[in-house]
Amino acid sequence: MSKVVEIRWHGRGGQGAKTASLLLADAAFNTGKYIQGFPEYGPERMGAPITAYNRISDEPITVHSNIYEPGYVVVVDETLIDSVAVTAGLKDDGAIIVNTAKSPEEIAPKLRGYNGKVYTIDARKISVECLGKYFPNTPMLAATIKVTGVMDPDEFIKDMEASFKHKFASKPQVIEGNMKALKMSMEEVKGI
Amino acid sequence: MGKRDRLSGNEAVAVAMRQINPDVVAAFPITPSTEVPQYFAAFANDGLVDTEFVPVESEHSAMSACIGAEAAGARTMTATSANGLAYMWEMLYIAASSRLPIVLAAVNRALSGPINIHNDHSDTMGARDSGWVQLYGETNQEAYDNFIMAVKIAEHPDVCLPVMDCYDGFITSHSVEVIELLDDQDVKNFVGEYKPKAYLNNPNGKVSMGPLDMPAYYFEHKRQQAEAMKNAKRVILEVSEEFYKLTGRKYGLFEEYKMEDAEVAIVLLNSTAGTAKAVVDELRSKGVKAGLIKIRVFRPFPVDEIVAALKGLKAVAVMDKADGFNGAGGPLFTDITSALYGKADVKVINYIYGLGGRDVRTDDIEVVYDELLKIAETGSVKSVYNYLGIKE
């Protein structure tokens with residue numbers, strides 16, 4: 001049980017938190033892991049808070065409940081910190097990753113007494129710079145891989161390049177932007 | 001050899017459908033089963049199958065179209081959930097009594113009302129007396145495997161009954177997990193060509209389908225239908241054995257998890273079995289003799305086999321993800337206790353759980369085993385008909 005890495009994603013409908021969780025599951029799957037990627041479905045609307053989950057393990061995973069004591073929490077929209085208990089159940093030896101222009105030092109006091117590691121990444125800046133538009137899930141995915149260590153970063157980059165090449169065969173300019181976003185995110189994610 | 005992949009339960013069943021390449025698929029969308037015909041429609045549009053895809057205007061029409069197609073001699077399938085299944089109701093009985101081997105992916109969802117899109121088993125439990133064979137699966141793998149086996153079970157000449165492949169809405173249907181897919185050619189060979197004995201489009205043999213059946217023979221036809229359901233038990237085991245030889249994945253009437261020396265056990269269906277297995281492992285590591293039985297074949301009900309599996313246990317909890325509203329217990333509990341009657345003296349309690357998508361955690365399952373251990377120790381049952389994880 002303890003070998004299972006459990007991750008909870010908080011985002012808003014339409015931002016791609018569910019897609020990011022499925023991309024993470026995909027990436028881990030490609031390195032031979034057992035994976036689960038699933039959203040908590042509700043009456044979703046654009047902008048409403050949503051939750052998605054990942055379990056990643058070297059052994060088969062049989063538990064099919066939501067995740068209540070995650071090792072990691074990823075917050076795709078920082079405004080959720082005020083309205084959703086994003087650190088609920090989050091283990092102190094784990095970490096939270098927040099998409100924000102602020103520093104970890106500025107975010108930490110807002111996390112309702114959470115004592116674990118706090119990481120921040122400015123996914124908006126990276127996305128706009130690399131892709132020309134705001135798609136937070138690529139930068140958040142890369143930051144999550146870096147922080148959780150669920151797979152080797154170089155292996156991840158190689159795998160993503162192959163999958164982008166396949167997915168965007170007719171739009172090579174998109175591949176370059178996405179790859180740049182992944183690499184930049186891995187470098188820029190910072191924590192305390 | 002098969003191919004390792006990662007798919008949601010619905011994607012996996014749609015892939016099975018593509019590999020089977022049925023003659024007709026008629027369906028109407030309803031959450032959480034919608035993706036099955038949605039993915040399949042794309043396969044049909046892309047020319048990956050020879051199937052005639054019939055997008056109808058309701059579930060009643062979907063099942064009616066399936067009945068028409070199957071009666072004509074076409075291998076036919078569909079998918080639905082909850083109110084969609086309810087809307088098929090009268091046609092479910094007609095499909096079964098006409099002995100038409102239609103295969104239906106029944107993606108379990110709470111039946112309204114109040115309206116709710118999440119998982120429980122109130123939809124397919126209501127259809128348990130409709131004459132359909134019902135298979136239940138814990139994971140996307142089992143939903144996929146059962147769907148492929150369902151074709152062969154349904155079409156067996158000693159059965160000729162429709163089959164429901166039941167799996168949990170969202171928990172299984174929308175969760176992406178690792179799965180082992182069969183090669184297309186292996187599925188094709190496994191299900192074989194559909195050769196019905198009697199069908200309307202047969203130029204060499206005349207047959208009447210769905211006529212008025214007066215008291216002179218109606219009863220005999222129902223008796224034959226009941227016999228077919230009895231035969232299904234043997235055929236399911238034969239088909240499962242053949243599937244095991246092909247894939248190495250073993251399926252029986254139910255799965256016994258750590259039951260060899262178990263003193264207490266829970267009996268349940270579908271995805272919660274996985275969550276409960278984690279609890280069994282935990283208890284076993286502390287030396288507690290806990291076990292689990294996951295029912296795969298609910299119709300026909302494996303009466304004698306269940307009695308043999310539960311005989312001698314100190315306490316058993318049957319978990320129902322649907323209430324029976326009979327004031328006494330859920331549908332699985334009723335079947336288990338009636339199977340045990342006069343054959344084994346086992347203390348059995350019932351928990352209704354997870355209605356309308358109430359999440360079931362390992363902590364919830366621990367509560368059940370704790371209660372069973374108390375019963376095993378004291379020999380006395382405080383309450384038979386219980387609710388798990390309810391706010392009260």
Side-chain angles (χ1 to χ4, degrees), chain A residues 1-9 13 16-45 48 50-70 88-89 141 150-151 159 163 166, chain B residues 4-11 31-32 109 115-119 137-142 167-180 255 257 268 270-282 285 292 294 321 353-354 356-366 389:
Chain A
M1 285 282 283
S2 58
K3 278 179 259 166
V4 183
V5 175
E6 296 186 309
I7 303 169
R8 188 173 66 210
W9 297 75
K18 177 198 157 189
T19 306
S21 80
L22 295 181
L23 286 171
L24 176 63
D26 246 22
F29 166 84
N30 288 338
T31 64
K33 304 264 188 194
Y34 288 92
I35 52 104
Q36 284 182 353
F38 58 101
E40 191 173 335
Y41 278 89
E44 267 94 85
R45 287 102 46 215
I50 66 126
T51 313
Y53 303 94
N54 283 119
R55 284 191 180 92
I56 298 168
S57 171
D58 290 324
E59 284 159 28
I61 308 160
T62 65
V63 172
H64 282 107
S65 66
N66 294 338
I67 294 167
Y68 297 92
E69 292 175 359
L141 173 65
V150 287
M151 60 191 289
D159 181 65
S163 112
H166 177 71
Chain B
R4 181 179 174 269
D5 207 335
R6 74 296 189 207
L7 297 173
S8 72
N10 281 344
E11 282 177 294
T31 301
R109 160 182 160 180
I115 190 165
N116 176 298
I117 60 165
H118 292 278
N119 168 252
E138 175 186 328
T139 57
N140 55 2
Q141 183 77 63
E142 294 187 8
Y167 56 97
D168 284 344
F170 295 113
I171 303 166
T172 308
S173 68
H174 284 63
S175 176
V176 173
E177 291 191 84
V178 178
I179 186 169
E180 183 98 11
E255 180 191 345
Y257 188 75
L268 76 177
N270 281 11
S271 66
T272 310
T275 307
K277 282 175 186 171
V279 177
V280 171
D281 291 348
E282 187 68 24
S285 74
L292 174 153
K294 180 184 79 195
K321 216 171 188 179
Y353 76 103
R358 175 64 50 86
D359 197 27
V360 187
R361 311 163 57 158
T362 49
D363 304 6
D364 297 312
I365 305 291
E366 281 166 15

- Contact leader toward chain A among B:Asp359, B:Val178, B:Asp281, where contacts are heavy-atom pairs under 4.5 Å: B:Asp359

- Stepwise side chain to side chain donor-acceptor pair (under 3.5 Å) test for B:Asn119 and B:Lys321: CA-CA 9 Å; B:Asn119 168 252; B:Lys321 216 171 188 179; 2.6 Å; yes

- Query: Any idea which of B:Val279, B:Asp364, B:Asp5 has the most non-hydrogen atom pairs under 4.5 angstrom with chain A?
  - Reply: B:Asp5

- Query: Think B:Arg358 forms a cation-pi with B:Tyr353, using NZ or CZ under 6.0 Å from the six-ring centre and within 45 degrees of its axis?
  - Reply: no

- One option among B:Thr275, B:Ile365, B:Asp363 has the most heavy-atom pairs under 4.5 Å with chain A, and it is B:Thr275

- Task: Would you mind checking which part of A:Asp26 comes under 4.5 Å of any heavy atom in chain B, side chain (CB onward), backbone (N, CA, C, O), both or neither?
- Result: both

- Item | Charged tip of B:Arg4 within 45° of A:Phe29 ring normal and under 6.0 Å | yes

- Message: Taking the side chain as everything from C-beta on, heavy atoms only, tell me whether A:Asn54 gets closer than 4.5 Å to A:Arg8.
- Response: no

- Considering only heavy atoms, which portion of B:Thr139 lies under 4.5 Å from any heavy atom of chain A: side chain, backbone, both, or neither? side chain

- Item | Test ring-ring contact (aromatic ring centres under 6.0 Å, His included) applied to A:Tyr53 - qualifying residues, sequence neighbours left out | A:Phe38

- Determine the option with the most heavy-atom pairs under 4.5 angstrom with chain A, choosing from B:Arg6, B:Glu177, B:Lys277. B:Arg6

- Is a side-chain N or O of A:Gln36 found less than 3.5 angstrom from the main chain of A:Val63, in a donor-acceptor match? yes

- Identify which part of A:Leu22 has an atom lying under 4.5 Å from any heavy atom of chain B, answering side chain, backbone, both or neither. side chain

